[in-house]
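Numbers restart at 1 for each chain; the letters A, B, ... are given by sequence-line order, proteins then strands. Keep in mind that this is a model prediction, so the values were computed, not measured.
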Amino acid sequence: MTTRRKLLIGSAIVVLALGFVAYQGVRSSMVYYLTPTEFRDRPEIRHQKVRLAGRVVPGSVGRAEGVAQFEITDGITPYRVRYAGPLPDLFAEGREVLVEGRLDDAGVLQASQVISTHPPEYKAPER
Amino acid sequence: MIEALLLLLSVTAAAYLLAPAFRRGPIGRTDPRTALENARVAAVQSLRDLELDWQTGKLSDEDYRAQRATLEAELAAVGRRLAALAEEP
Amino acid sequence: MGEIGRYALLAAAIVALYGLVVSVLGLRWRHGGLLESARRAVTVWALLIALASAALFAAFLGRDFSVRFVAGASETTQSLFYTVAAFWGGHDGALLLWALILAGYMVAGVRGLRDYPDLQGPAVATLFVIAAFFSLLLASASNPFVPLIPPPPDGQGLNPLLRNPWMAAHPPTLYLGFVGMSVPFALVVAALVTGRLDDTWILLSRRWVILAWLFLTLGLLFGAKWSYVVLGWGGYWAWDPVENAAFMPWLTATAWLHSIQIQERRGMLATWNVALLLITFGLTIFGTFLVRSGVLSSIHAFAQSPIGYFFLAFLAVLLVGSFALLAWRWDLLHSRGTVESVISRETAFLANNLLFVSAAVVVFLGTIFPAITEATSGVKINVGPGYFNMVMVPIAVGILLLMGIGPLLPWRKATPEQLARNFTWPAAAAVLVAAGLAAGGVRSTGALLVFALVVFVGATIALEAARGTAVRTRRGEPLPVAVWRLLARNRRRYGGYTVHLGILLMLVGIAGSSAFATQSQALLRPGERFTAGRYTLEFIGLSGREEPGIDITTATVRVWAGARFLGTVRPERLFYRTQEQPMHHVTIRSSPREDLYVILSEWEPDGRAMIRVLIHPLVLWLWAGGFVIALGVVLAVLPETWRRPVPHPATAARGLPLSAQGTSGAP
């Protein structure tokens, strides 16, 4: 076997292995990213892990013993969210947030993560 | 006031830019010695690297001698071409 | 100020287009006068961009809120430092900074090509393509001097999250890295156009790429530090698309810096090196596009702003154009050598390239995955950090292994005896340390693997340096002289090893903090204590104060490690009134062993406060690694010529001064 062929076979093995790991990685970490209305209209992914983008409904935020409850909405569909963890700095009533989690049987989104959108430095210019 | 200054600036810049544009001249050529000199420096560097690799025990004596001969031949060839250019005016 | 700025940007756009047209015509007609005019246009363009930047600075310093960008990113209560940093605290100013940096690189790059007039012309034309694009953007859709009528009494202020020294330094550093790839890109295009595809372009671009690589590294680290200090979650890397945008060109540039060595030493991979540099430059533009177009939040950003289309069109022109040139010159890029043995440094470099480029592909796919799924199925599907970590950890382990093996392998081929001689001790040291750590209670397999490999690589570098020094001391040189001369005479090699050491330190920090981080929190009444790891914290109480525009609540917390009193920390929570935005001031007690990170999370009306404590082992080494990398790069790029005697062709032909000194030092 020539050196060149050995190298090619070695590279192919590495690439295939990495491809396989990447495929597994995608499968295990993929999250649907939608607006509350899009989520409501897709019952087939009702129990999947999702990331919803919406505005925090003013007056809906309640905190007790480290657990936060609030509602998010895209203006059409509201969802109740329950989150046990520290809320990000940019979190406030009326602000845009991303909420990642799963819907429980009562229709409350049990959040595993609440993310505020990036600082304006990174946002598209608003014209 | 500002407008006048900016106008003056524009005119100066335009004159500076356009001045050479009408003189038709040849494009400069890179001195062939530059490339050869670069090749010589690279070859010297390679030899020095090879030397250090051998001294620190990464190569067998046999491989070292063979590679050194190749590199020295390359260097000599570059040197001859440089010398030939130097003799030309 | 606004009108001077608008004038300068308009004039800059015209000059850039002029420079582009004149340089192309000059090349086509072989007209030296036109090329001289194009060179002058470089200077004029740079001065105009500098004038526009000066105008923006002046507008910020004079708090000229009739300029919308100034009103949007500063306010009267803002400190001088952040008023200056607000220059790049928003989209339009950031693009102007991009152009300003390009102006500096362009002047320096074109000057550096004085001795290569045939390459200079096409390089100027290429740089003007880039300059024209950014100038047009700045003069139209992203003009930072758009007036605001009527001017408001006060501005909106810089986003409080950006009011941090690391964030002030992050964009300029990152742009120095991104834009730094423009000069090498112009050089490789010039080489393709003229067909001068010997090693000259590599020689000329190498330093630019190393420099740009250093700035990319530092820019990434500054961003990580900012995230660690400011965002209040204790993390420094989240596989955020914005971070990935800068990470991808870093990966391919790293690959390039290794693969050119095969071309320099063995005359192989000429085509690959050209392609890799084109891709690296393309990724810097792609990164700017990702960050600046808003495509990250949604592909619908295209509908809202034309900038996305501008960037995509520009990127397409650059990539199609440059790869067409590569295809046209394909035949000139032949290989002079072949890989002779699988166990050789060539193979190590090839494997390095395979892994780095794979890493870039993995990051690229993960970053654009939502855009792909949104375009094909209408639903955005994100892949989380889980995906990146799963794939990048094995790649990083592979690269780490190569980092140890590669430098000790000779070119062409290695024999088993040499391998045994070179790898016995480092491998033994690695196994010993891993066993020791495991016995000491370290249970994370990943961390053990990384620590063992770090020891392995560190030992190979130490062994290599020791043997190099020994060669000199055997010749009778005193030890300090031997070390100094070894470093001074082989700067590129030891600069490279120093960079490797810096990477090792960073990996120690990353492995330590990701495998062993712990966190805990407690709702405490004043006077109550709680224990986190080996620390005991006592919450003393809350206090409030005001600064211009900011309400601040401070928690006073006393900290003990075991029975030893460490001191009092005061984490704060700030509320910026103008922006109605809360923010943390966390306190971090750093030591080589671990960081104690204390956060005031929230509080109840009755005076109880939620205190969060994170313990991050070894994080300090991540930042320390950055310093070591910078040192290594400086060592590697310092000119080697100052010691070399003036070359004389005749002596060069006969042989070398080193043959006299070298052969006596047989091992």
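Heavy atoms closer than 4.5 Å to chain A are found in both the backbone and the side chain of C:Pro582. No part of A:Arg4 comes within reach of chain C, as not one of its non-hydrogen atoms sits under 4.5 angstrom from that chain. Contacts between C:Leu350 and chain A at a heavy-atom distance below 4.5 Å involve the side chain alone, from C-beta outward. For A:Arg95, the part lying near chain C is the side chain, with the backbone staying farther off; criterion is any non-hydrogen pair under 4.5 Å. Using a 4.5 Å cut-off between heavy atoms, C:Met610 touches chain A through its side chain atoms alone. Heavy atoms of C:Ser377 lying under 4.5 Å from chain A belong exclusively to its backbone. At a 4.5 Å heavy-atom cutoff, the contact between C:Glu602 and chain A is made by side-chain atoms alone. Looking at A:Gln24, the atoms closer than 4.5 Å to chain C (heavy atoms on both sides) sit in the backbone and in the side chain alike. At a 4.5 Å heavy-atom cutoff, C:Phe388 makes no contact with chain A through either its backbone or its side chain. Heavy atoms of A:Ser28 lying under 4.5 Å from chain C belong exclusively to its side chain. If you measure heavy-atom distances from C:Val230 to chain A, the contacts under 4.5 Å come from the backbone alone. For A:Leu7, the part lying near chain C is the side chain, with the backbone staying farther off; criterion is any non-hydrogen pair under 4.5 Å.
Put simply, CH2 on C:Trp239 and OG on A:Ser29 are 12.0 Å apart, with the number rounded to the nearest 0.5 Å. Note that the CG atom of C:Asn382 and the CD atom of A:Glu100 stand 8.0 Å from one another [nearest 0.5 Å].
Of the listed residues (A:Val14, A:Val21, A:Leu18), just one forms a side-chain contact (heavy atoms from CB on, under 4.5 Å) with C:Ile395, and that residue is A:Leu18.
More than 12 heavy atoms of other residues, nucleotides or ligands lie within 6.0 Å of CG in C:Asp606, so this atom counts as buried by the packing criterion. Residue C:Gln156 qualifies as open at atom CD: its count of foreign heavy atoms under 6.0 Å is 12 or below. Residue C:Arg577 qualifies as enclosed at atom CZ: its count of foreign heavy atoms under 6.0 Å is above 12.
The minimum heavy-atom distance linking A:Lys6 with C:Val342 is given by the pair CD-CG2, 3.5 Å. Of all the heavy atoms in C:Leu354 and A:Val15, the pair that sits closest is CD1-CG2, 3.9 Å.
In terms of heavy-atom pairs under 4.5 angstrom with chain A, the leader among C:Ser601, C:Ala73, C:Gly384, C:Gly386 is C:Gly384. Interface remark: of the candidates C:Thr338, C:Leu355, C:Val379, C:Val379 forms the most heavy-atom pairs closer than 4.5 Å to chain A. Contact count versus chain A (heavy atoms, under 4.5 Å) is highest, among C:Ala351, C:Gly93, C:Pro394, C:Ser341, for C:Ser341.
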